[in-house]
Engineer: 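Structure in structure tokens, see below.
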Amino acid sequence: MTGTAATSPLNSELAARKETMHVPVMVSEVLDGLSLRPGGVYVDATLGLGGHTEAILSRCPEVKMILGLDCDTETLEQAESRLALFGDKVRFVHSNFIHLHDVLLFNRIGQVDGVLMDLGISSFHLENSRRGFSFSRDEPLDMRMDSSAPGAVTAADMVNKLPVKRLTELIQTYGEERWAKRIAKRIYDRRRTAPILTSAELAKVVANSIPRKYHPRRIHPATRTFQALRIAVNRELDDLKDALDSLPSCLKSEGRLCIISFHSLEDRLVKIAFREDNRLKPLTKKPLVPDPEEMHSNPRARSAKLRIAQCIEPDDL
Ligand SMILES: C[S@@+](CC[C@H](N)C(=O)[O-])C[C@H]1O[C@@H](n2cnc3c(N)ncnc32)[C@H](O)[C@@H]1O
């Protein structure tokens with residue numbers, strides 16, 4: 001069968017690209033959750049590589065516009081080329097989602113019909129950004145999603161400068177890592193001789209801090225520490241809290257807010273905000289999770305939790 005379309009170099013290239021491409025999670029649940037309507041205006045507040053936006057416009061081409069935000073310029077460039085076929089239906093904005101209210105004002109858009117947030121990083125960050133997000137690569141230990149912010153703290157700054165106590169707390173809280181104290185102490189010992197500058201150096205220090213017999217079986221021993229540093233560097237929980245305060249005022253009455261989180265602390269913030277904010281009515285009592293097939297085919301989906309809320313008419317309050 002040589003020479004068939006299935007084995008051509010172009011197809012192999014496309015297949016290889018697809019393998020490393022970010023696969024959007026819980027697409028059909030998100031599309032239903034947003035309750036798409038013709039003429040509607042939506043915000044993809046974490047545009048990433050545009051997977052969800054592409055799915056929205058394919059499901060409902062009559063949507064008037066999607067405003068796509070991302071705090072990472074490299075990511076935005078890729079989304080722009082992927083979504084070019086949708087023309088000016090998608091507007092691309094380099095911004096942190098905490099500024100959504102101002103972004104809408106600046107773009108002369110009033111309240112919108114729905115906002116999607118798919119939190120965290122994309123597979124581009126792990127595999128191609130060269131910013132040290134992954135313990136399985138040797139790259140500068142940066143981990144900033146938005147590297148345009150002048151003077152923003154990097155992961156290398158944190159591991160080489162934070163006091164051991166603070167480092168321990170951070171790894172314990174954001175990484176839910178039981179070996180946090182040992183890891184922080186080993187990092188401290190190591191940095192007294194030479195700073196830790198790359199992801200591979202850090203991964204090695206962390207792996208050596210945990211007794212071999214306690215190495216987790218399914219994940220790399222540095223997974224939790226890397227996650228903790230990424231959350232801290234990008235102030236992910238602070239930004240989510242700020243966004244949860246300001247987003248409801250960006251929605252029309254009956255507008256939908258869909259949030260996919262990957263960390264128990266994030267999901268807790270979303271759950272509490274949906275329950276306690278009287279501008280919102282939660283539509284999911286418990287978070288939705290991917291079906292077993294999706295969990296099997298997309299390992300990143302395994303920890304995903306989707307919560308959906310609807311904006312309430314002021315009269316209903
Ligand atoms: C999980 S990815 C989104 C993937 C996207 N749904 C897709 O299907 O391609 C999350 C994206 O949100 C961006 N991001 C994370 N925090 C952000 C924030 N506070 N403001 C704006 N963008 C943010 C990241 O740069 C990343 O590209």
Side-chain angles (χ1 to χ4, degrees), residues 17-18 20-31 33-34 42-59 66-83 86 90-104 114-131 133-134 142-149 152 174 227 230-247 250 258-263 265-267 269-270 290 294 298-306:
R17 256 204 254 165
K18 214 167 179 179
T20 57
M21 224 163 85
H22 184 92
V23 182
V25 304
M26 303 187 75
V27 171
S28 81
E29 293 86 345
V30 165
L31 299 184
L34 285 171
Y42 297 85
V43 173
D44 186 343
T46 50
L47 182 67
L49 304 185
H52 283 105
T53 285
E54 183 179 68
I56 292 172
L57 289 170
S58 307
R59 157 90 73 101
I66 300 187
L67 192 70
L69 267 65
D70 206 289
C71 61
D72 180 355
T73 46
E74 271 190 76
T75 295
L76 267 181
E77 274 168 28
Q78 293 182 57
E80 275 198 70
S81 74
R82 175 179 188 172
L83 300 169
F86 296 107
V90 191
R91 244 184 244 179
F92 301 89
V93 181
H94 176 226
S95 171
N96 190 309
F97 53 57
I98 59 173
H99 304 305
L100 179 60
H101 199 267
D102 294 339
V103 170
L104 291 175
V115 175
L116 165 66
M117 295 168 85
D118 172 18
L119 300 168
I121 52 173
S122 70
S123 29
F124 159 74
H125 287 114
L126 284 169
E127 286 150 26
N128 303 104
S129 72
R130 303 172 307 279
R131 290 180 227 157
F133 286 102
S134 167
D142 182 319
M143 292 202 196
R144 287 170 301 166
M145 290 188 230
D146 182 0
S147 13
S148 70
Y174 297 156
Q227 170 186 281
R230 192 206 83 210
I231 291 175
V233 165
N234 296 289
R235 301 172 39 84
E236 291 178 37
L237 294 171
D238 295 321
D239 284 357
L240 176 58
K241 248 189 254 169
D242 288 354
L244 287 165
D245 277 347
S246 60
L247 281 186
C250 300
C258 294
I259 305 186
I260 306 172
S261 61
F262 295 87
H263 191 291
L265 293 174
E266 285 173 343
D267 180 56
L269 289 177
V270 179
E294 181 173 5
N298 182 6
R300 202 184 142 264
R302 282 179 203 151
S303 49
K305 291 199 164 81
L306 168 65

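Computation of the quantities below employed the complete heavy-atom set of this structure, encompassing side-chain atoms and omitting hydrogens, waters and symmetry-equivalent molecules. By convention here, the first residue in the shown sequence is residue 1. Read the numbers this way: they start at 1 and go in the same order the structure lists the ligands and their atoms.
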Engineer: Decide yes or no for Phe262 and Val25: does some side-chain heavy atom of the first lie under 4.5 Å from some side-chain heavy atom of the second?
Structural biologist: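 They are in side-chain contact.
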Engineer: Just go through Thr73, Asp242, Asp118 and tell me whose heavy atom is the nearest to atom 2 (S) of ligand 1.
Structural biologist: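 That would be Asp118.
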Engineer: May I ask you to check if ligand 1 and Phe97 share an N or O to N or O distance below 3.5 Å?
Structural biologist: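 Yes; the residue has a nitrogen or oxygen that sits under 3.5 Å from a nitrogen or oxygen of the ligand.
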Engineer: For Leu49, is at least one N or O under 3.5 Å away from an N or O on ligand 1?
Structural biologist: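 Such a contact does occur with ligand 1.
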Engineer: Which bit of Leu47 is near ligand 1, meaning a heavy atom under 4.0 Å away: side chain, backbone, both or neither?
Structural biologist: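 The backbone, only.
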Engineer: Report yes or no: does Glu294 contribute a side-chain atom to a donor-acceptor pair with the main-chain N or O of Met26 at less than 3.5 Å?
Structural biologist: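 At least one qualifying donor-acceptor pair exists.
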Engineer: Could you tell me the residue and atom name of the protein heavy atom closest to atom 7 (C) of ligand 1, and the distance to it rounded to 0.1 Å?
Structural biologist: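 Result: Gly51 N, 3.3 Å.
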Engineer: Within the structure, is a non-hydrogen atom of Ala55 found at a distance of less than 4.0 Å from ligand 1?
Structural biologist: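 Per 4.0 Å heavy-atom rule, Ala55 does not contact ligand 1.
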Engineer: Within ligand 1, which atoms have a heavy atom of Thr75 less than 4.0 Å away?
Structural biologist: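 This gives 27 (O) as the contact atoms.
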Engineer: Out of curiosity, Leu237 CG to Leu119 CG, how far, rounded to the nearest 0.5 Å?
Structural biologist: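 That separation rounds to 9.5 Å.
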Engineer: For Asn96 and ligand 1, does the shortest N/O to N/O distance drop below 3.5 Å?
Structural biologist: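 Yes, since at least one N or O of Asn96 sits under 3.5 Å from an N or O of ligand 1.
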Engineer: With heavy-atom distances below 4.0 Å as the criterion, list the atoms of ligand 1 near Ala45.
Structural biologist: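 Result: 21 (C), 22 (N).
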Engineer: Asn96 and Asp146: side-chain donor and acceptor closer than 3.5 Å?
Structural biologist: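 On atom types as modelled, these side chains do not qualify, holding no pair under 3.5 Å.
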Engineer: If the cut-off is 4.0 Å to any non-hydrogen atom of Gly120, which atoms of ligand 1 fall inside it?
Structural biologist: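 Near Gly120, the atoms of ligand 1 are 10 (C), 11 (C), 12 (O), 15 (C), 24 (C), 26 (C).
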Engineer: Return a yes/no value for Ile121: is any of its N or O atoms, backbone included, closer than 3.5 angstrom to an N or O of ligand 1?
Structural biologist: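 By distance alone, the answer is no.
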Engineer: What about Leu119: any of its N or O atoms under 3.5 Å from an N or O on ligand 1?
Structural biologist: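 In this structure, Leu119 places no N or O atom under 3.5 Å from an N or O of ligand 1.
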Engineer: Have a look at His125, Met145, Arg144 and point out the one with the heavy atom closest to atom 16 (N) of ligand 1.
Structural biologist: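 Selected option, by shortest heavy-atom distance: Met145.
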Engineer: Atom 12 (O) of ligand 1: which protein heavy atom is closest, and how many Å away?
Structural biologist: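 Sorting protein heavy atoms by distance from atom 12 (O) of ligand 1 puts Thr46 CB, 3.2 Å first.
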Engineer: Using non-hydrogen atoms of the residue, decide whether Ala243 is closer than 4.0 angstrom to ligand 1.
Structural biologist: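 No, that is not the case, since the closest heavy atom of the residue is not under 4.0 Å from the ligand.
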Engineer: Quick one: does any side-chain atom of His22 pair with a main-chain N or O of Ser122 as donor and acceptor, under 3.5 Å?
Structural biologist: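 Such a contact is absent between His22 side chain and Ser122 backbone.
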Engineer: Kindly say whether Met143 contributes a backbone atom to a donor-acceptor pair with the side chain of Asn234 at under 3.5 angstrom?
Structural biologist: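 Yes, Asn234 side chain to Met143 backbone: donor-acceptor pair under 3.5 Å.
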Engineer: By number and element, which atoms of ligand 1 are closer than 4.0 Å to a non-hydrogen atom of Ser95?
Structural biologist: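 Listed by number with element, the hits are 20 (N), 21 (C).
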Engineer: Within a distance under 4.0 Å of any heavy atom of Asp239, pick out the atoms of ligand 1 and give their elements.
Structural biologist: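 Answer for ligand 1: 19 (N).
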Engineer: To the closest 0.5 Å, what do you measure between CG (Leu126) and CZ (Arg131)?
Structural biologist: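 So the CG of Leu126 and the CZ of Arg131 are separated by 11.0 Å.
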Engineer: Quick one: CG on Leu269 to NZ on Lys241, what's the gap to the nearest 0.5 Å?
Structural biologist: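 Answer for the CG-NZ pair, Leu269 versus Lys241, is 6.0 Å.
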Engineer: Hey, what do you get for CG (Asp142) to CZ (Arg230), rounding to the nearest 0.5 Å?
Structural biologist: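 That separation rounds to 13.5 Å.
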Engineer: Only heavy atoms of Pro24, strictly under 4.0 Å: list the atoms of ligand 1 that pass.
Structural biologist: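 Selected atoms, number and element: 8 (O).
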Engineer: Quick check: does any side chain N or O of His52 sit under 3.5 Å from a backbone N or O of Leu47, one acting as donor and the other as acceptor?
Structural biologist: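 It does not hold such a pair.
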Engineer: Counting distance only, does the side-chain N/O of Arg82 pair as donor-acceptor with the main-chain N or O of Leu49 below 3.5 Å?
Structural biologist: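 Indeed, once roles are kept as given, a pair shorter than 3.5 Å links the two residues.
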Engineer: Of the backbone atoms (N, CA, C, O) and the side-chain heavy atoms from C-beta on, which set of His22 has a member under 4.0 Å from an atom of ligand 1: side chain, backbone, both, or neither?
Structural biologist: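 Side chain only.
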Engineer: Taking side chain as C-beta onward, heavy atoms only, is Val115 less than 4.5 Å from Leu100?
Structural biologist: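 They are in side-chain contact.
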Engineer: Taking N or O atoms only and a 3.5 Å limit, does Arg300 qualify as a polar contact for ligand 1?
Structural biologist: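 No, since none of the N or O atoms of Arg300 sits under 3.5 Å from an N or O of ligand 1.
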Engineer: Evaluate Asp70 for polar contact with ligand 1, using N/O atom pairs at a separation under 3.5 Å.
Structural biologist: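 It does: an N or O of Asp70 is found under 3.5 Å from an N or O of ligand 1.
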Engineer: Find the distance between CG (Asp72) and OG1 (Thr46) and round it off to the nearest 0.5 Å.
Structural biologist: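 Between Asp72 CG and Thr46 OG1, I get 12.5 Å after rounding to 0.5 Å.
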Engineer: Counting non-hydrogen protein atoms only, what is the nearest one to atom 22 (N) of ligand 1? Give residue, atom name and distance.
Structural biologist: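 Answer for atom 22 (N) of ligand 1: Cys71 N, 3.2 Å.
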